[in-house]
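Please read the structure below before turning to the comments.
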Amino acid sequence: MNRRLVRGACGVAGFLVLAEVASRTGLVDPDHIPPVSTVLLRAVQLAADVEFLGHVGTTLTAWALGLAVAIAVAVPLGLLIGSLPWVDKATQPLVEFLRPIPSVALIPLAIMLLPDTLQMKTSVIVYASMWPILINTVYALRDVDPVAKETLRSFGFNPFAVLWRVSLPSAAPFIATGVRVAAATALVLTVSAEIIAGRGGGIGFYTMLVRSGGINTDLLLGAIVWAGVIGILINFLLVRMERRVFRWHSARAEVGA
Amino acid sequence: MLEIVKLGHVYGTGPTAHQAIADINLEVAQGELVSLVGPSGCGKSTLLRCVAGLIQPTEGEVRLDGTPISGVPDNLAVVFQDYSRSLYPWLSVRDNVALPLSRKGAGRAEAREASERALGEVGLAGAGEKYPWQLSGGMQQRVSIARALAYTPSLLLLDEPFGALDAQTREDLEDLVLRLRTEHTMTILLITHDIDESVYVGDRVVVLGRNPGHIVADLPVVLEGPREQISTRATPEFVALRAQVAQLVREQINS
């Protein structure tokens, strides 16, 4: 584990040094790709820039709202599809058709229909991020142990109670994985929608703003660094949360092995 | 008292229909422990599911204390063979035991108290905070038994409860069942494929045959004195009855 960490750090450091040298020696045009040190300096400066922080806030607000709505829609829908075979059959063609549509393609339509930027962003985020949650919920529900369900039934619980007390907790770790995948998708869609909309603020909007102000690649890359850091942080936090809440899931797998 | 009257069950319809059990008649008195033994495919689990109210039989009926069973009766508990799948890994041992009580309208404190008491009875006092997957197989099955006990059923169904355990643990749990039945007034139906176990634990041994599942023999177990793993199994009565049951089961497999 430690070795892996050291090697990973070496790789990153090596890349940073190479990029720095390439830019400093004029191997690449410093106006196009500025030295890493400059980009990182810009990124640090951005962290203290109230205007930029406002854009980050705007992005995170849309992201969180969109993801929350996606969870609120996809989990109950997944429970319905996963527990009622006729709903599954009725919705399957529709899901199979809608799911492969690249969500980014829907952004112009959303801009046309929804004048409010937050609404517009939220709707495309919901559309894009509900699929991994929905699919994971449906499949996890199919995999719930029949013995676990029958046990609760044998104590006289009705099907709804079995769904609530057995199927949902059993499926929860897989639903959480779906949410984590959805969280990454949601961030991509948030920034994309901001870039395309060209209004309403956000990190994506900020990058377009910088672009229109002349060749400021260092500032642009500084903003991109933050978009990346936010993505990593979100993933890190969700993984930690899953480990905490679903300790029984991983611990059981280890004991059983 | 449990009465099974002309019970039969057919799965499916038309040419693929499969008659799992047919014309099963059985009476089990209040407080009696009846072992059901038979080869695989004799419809043991179908019979169990009909008695538990988990499936509605296509023929005949099951009556518990005079009331025909339709749906899962209130005063019945099942212990399944597969404890690791029948206990919930996200709940502590105590919450696993307390869970069924919530359906009976027990309050949190009351359920918790009943849970601790039942865990004490199966020798797991103080294990309530643990999770099922932190316990050995034998201990997990004790938790399942505690869950059934806390529910205070008048009929306890044991579905091959010790089949997955090693011999020593199995004997310990057989003795646990024997002890518990003296302390509680429960009727117990033990489904097993272990012939020794059926004789050692039962007041009666009912042998089932195959195609479709039916009752072949209903033998009383008459053994002197309290049952003890080594001495009881050495008595001539035990040995004779064990041989008789084994013979009947063998005939069913070969028929």
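If you're wondering where the values come from, they're calculated on a predicted model, not measured in any experiment.
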Counting only heavy atoms not in A/Arg142 (residues, nucleotides, ligands), do more than 12 fall under 6.0 Å from its CZ? yes
Could you check whether atom OH of A/Tyr139 has more than 12 heavy atoms from other residues, nucleotides or ligands sitting under 6.0 Å from it? no
Under 4.5 Å heavy-atom distance to chain A, tell me which part of B/Ser144 shows up: side chain, backbone, both or neither. neither
Is the closest side-chain heavy-atom distance between A/Glu150 and B/Phe80 below 4.5 Å? yes
Rounded to the nearest 0.5 Å, what separation is found between the CZ atom of A/Arg247 and the CH2 atom of B/Trp133? 4.5 Å
I need the B/Arg49 CZ to A/Ser154 OG distance, nearest 0.5 Å. 9.5 Å
CH2 of A/Trp226: more than 12 outside heavy atoms within 6.0 angstrom? no
Once you round to the nearest 0.5 Å, how far does NZ of A/Lys149 lie from CZ of B/Arg85? 11.5 Å
B/Ala52 portion near chain A, given a 4.5 angstrom heavy-atom threshold: neither
Chain A contacts, top residue of B/Val72, B/Val78, B/Leu54 (heavy-atom pairs, under 4.5 Å): B/Leu54
Heavy-atom side-chain proximity of A/Phe157 to B/Ser102 below 4.5 angstrom: yes
From the list A/Asp145, A/Leu152, A/Val147, side chain to side chain contact (heavy atoms under 4.5 Å, CB included) with B/Ser86 holds only for A/Val147
If you compare all heavy atoms of B/Tyr88 against all heavy atoms of A/Ala148, which two are closest, and at what distance to 0.1 Å? OH-O, 2.6 Å
Go through the atoms of B/Leu99 and report whether side chain, backbone, both or neither lie under 4.5 Å from a heavy atom of chain A. both
Would you call A/Phe155 and B/Arg147 a side-chain contact if the rule is heavy atoms closer than 4.5 Å? yes
Look at atom NZ of B/Lys130 and say whether more than 12 heavy atoms of other residues, nucleotides or ligands are closer to it than 6.0 Å. no
